[in-house]
Undergrad: 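First the structure, which I've put down as structure tokens, then a few questions once you've had a look.
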Amino acid sequence: MSKTFDKLQPYLEKSMAFQTARSLFEWDDQTTAPFEAADYTAKVVGILADEYMKCLINDDVRKLLKKLQEDKEQEDLTDTEKAIVKELAKTYEQLESIPPEEYRAYNELAPVANRKWIKSKKDNKYEDFAPYLKKIIDMKKKFAGYRAKGVKDPYDVLLGDFDECFMMSDLDPFFEKIKSEIIPLLKTVGAKAETIDKSYNFLNYDIDKQKEFCKFLSGYVGFDFNKGVIAESAHPFTMQLHNHDVRITDRYMEDNLESAMFSIIHESGHAIYEMNVDDSLTQTLVGGGASMGMHESQSRFYENIIGRSKEFWEPLYDKLVKLYPDNLSTISLEHFIKGINKAAPSFIRTEADELSYCLHIIIRYEIEKMIFHDEVSIEELPKVWNQKYQEYLGITPTDDTVGILQDTHWSWGEFGYFPSYAVGTAVASQIYACMKEKMPLEEYLKEGNLIPIREFLRDSIHKYGATKNTNEFLQDVCGEKFNPDYYVNYLKEKYTKLYEL
Ligand code: ZN
């Protein structure tokens, strides 16, 4: 027991409460708040952000933190307390260097910028969003600059906020590997994939039935409705208040069967992670997922690795056909599996197949690097975006709504976030490889028994919250640090088998 740590607790608890309130506002903003609310609610959110910062950034906490970092004090700390102190030091580094009035201004700006993005996407007018994007980028550059202190690269600072294990020096070789191995594979697969008739997916699918089936799928993979709810939003996401209140959203389209189904499996993967964090950790600084990379590894494991496998659909497909007999009764399970794994270059990241997905990420990563290295102006961004799509995927977006305006992240200032999707995907493949050695995973899927899979992930990853980082998890679970070979091999094996290459 550490007396110094006990003294820190009230500050941590109060800041947690403000943070939870902010999350709840963000959830409300994305799901139920009326369109015109944002400009006014932003003021409330700004004040909450200000109070959150005051709880943590003050002389008392600074002194306690400094003391707790001393060797003598560290001896009295439990492992969880040590992890909390480490996380607090990180939060301190993030917040302390930013003047409070600038931090508040930023938190007021972000929801407004997000609304401008929604409107300009609707109107296909990048020029309406551009001034807000510029403001967001300018502030992000300033903040990253404060924190980089002339030593680090500002973009590395931002990357580190989402996963401390993946800086540019880690991502550059990883992405070069994907480019050299996956672009040729996509070309080979793409030619074969063209023969797969996927028109069944774009018939009319009653939205109430879609909601019913998505809810079923969510529970099937392990979403606990006593600890979570599902709502609707323009862009599916997960939001946790704590491990007993985890919320996910989905988006339903009448003329697309797959979209909502795989989104709900994806978000359920995130939710299962948060719901299974140990009770002793929730509502602390280490009470959530370890990193965005680890988070995406779980969502993409459920969505793609198991969710798009034949074994997963074997016990389920009849149920889906019964729901839509007119559309699906002539589509065999084999046909459906080829359909949900049809690989082809496309404009929209969230709708992309597994094979081309990471190329969408690489494009964003390269553009973000250019932005934070002052190599591109805001006005030039759509052009650069389209050029990169042509270069890597061989297609040019027909307009900005399917180009640069498609993702919400930049409107919130979430630069450095996108690489987590690629890292997560690769981490998922690595975990999958070691799970297959430890359990009859495919048999479990065929039996419709997902409990052993969930329990394995809970006991080896989820319950630890953020007390370890991505590489520490991989070392402990798989016996080696991040290794992108598993991912490249996974894709090669899967697509060679599926397309009989
Ligand atoms: Zn996700």
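Order of appearance sets the numbers: ligands from 1, and atoms from 1 within every ligand.
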Undergrad: Restricting to N/O/S, name the atom of Glu296 that gets closest to the Zn ion (ligand 1).
TA: OE2
Undergrad: Give the ring-plane orientation class for Tyr155 versus Tyr365, where under 30° counts as parallel, over 60° as perpendicular and anything between as tilted.
TA: tilted
Undergrad: In a check of side chain to side chain contact (heavy atoms under 4.5 Å, CB included) between Leu159 and each of Asp161, Asp163, Asp156, Val157, which one passes?
TA: Asp156
Undergrad: Report yes or no: is the cationic atom of Lys177 (NZ for Lys, CZ for Arg) closer than 6.0 Å to the six-membered ring centre of Phe174, at no more than 45° off its axis?
TA: no
Undergrad: Is His266 close enough that one of its N/O/S atoms sits under 2.8 Å from the Zn ion (ligand 1)?
TA: yes
Undergrad: Test the Arg364-Tyr421 pair against the cation-pi criterion, namely NZ or CZ under 6.0 angstrom from the six-membered ring centroid and within 45° of the ring axis.
TA: no
Undergrad: Is the Zn ion (ligand 1) less than 2.8 Å from an N/O/S atom of Glu267, whether that atom is in the backbone or a side chain?
TA: no
